[in-house]
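For reference, the structure is listed below as structure tokens.
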Amino acid sequence: MTIDWLPDRGIRRTVRTLAASGVTLVAVGAVLDAMWLLGIGVWGVIAALGIEIVYRP
């Protein structure tokens, strides 16, 4: 049985938060036809993916 290392949980929570907020902003931006919201959302998803790729626990 393995025990999760506390920093791993923090990184996973950060990645999930960035991805969820990015997807939410993309959806809201698409509904409101606001390109700036779409852009922020896409960069949030890119940041989440970048952190996930670089920090592989």
Side-chain angles (χ1 to χ4, degrees):
M1 178 178 222
T2 61
I3 298 172
D4 285 341
W5 193 46
L6 291 178
D8 288 343
R9 285 192 225 163
I11 293 295
R12 287 184 185 140
R13 183 178 25 222
T14 302
V15 167
R16 287 181 185 146
T17 302
L18 272 172
S21 62
V23 169
T24 302
L25 284 173
V26 167
V28 170
V31 169
L32 296 178
D33 198 26
M35 291 300 288
W36 64 276
L37 281 176
L38 282 168
I40 293 171
V42 168
W43 280 108
V45 172
I46 290 170
L49 291 173
I51 291 171
E52 179 66 27
I53 289 171
V54 170
Y55 186 85
R56 197 54 79 140

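Heavy-atom basis, side chains included; hydrogens, waters and symmetry copies ignored. Here the structure is a predicted model, which means the values were calculated and not measured.
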Would you compute the distance between atom CG of Asp33 and atom CG of Leu38 and round it to the nearest 0.5 angstrom?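 Taking CG in Asp33 and CG in Leu38, the distance rounds to 8.0 Å.
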Rounded to the nearest 0.5 Å, what's the gap from CD1 on Ile11 to OG1 on Thr14? Could you check?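 So the gap between those two atoms works out to 5.5 Å.
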Looking only at heavy atoms, which two atoms of Ala19 and Ala48 are closest? And how far apart?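 So the minimum-distance heavy-atom pair works out to N-CB, 3.8 Å.
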Val26 and Val42: which non-hydrogen atoms are nearest, and at how many Å?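 Residues Val26 and Val42, closest heavy atoms: CG2-N, 3.7 Å.
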Ile46 and Leu25: same hydrophobic cluster, using ILVMFWY side-chain contacts below 4.5 Å?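 Looking at the clustering, Leu25 is in a separate group from Ile46.
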For the hydrophobic clusters of this structure (ILVMFWY residues joined by side-chain heavy atoms under 4.5 Å, transitively), does one cluster hold both Val31 and Met35?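 No, separate clusters.
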Report the hydrophobic cluster partners of Val45, with the cluster defined as I, L, V, M, F, W, Y residues connected by side-chain heavy atoms closer than 4.5 angstrom, directly or transitively.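 Its cluster mates, by chain and number, are Val23, Leu49.
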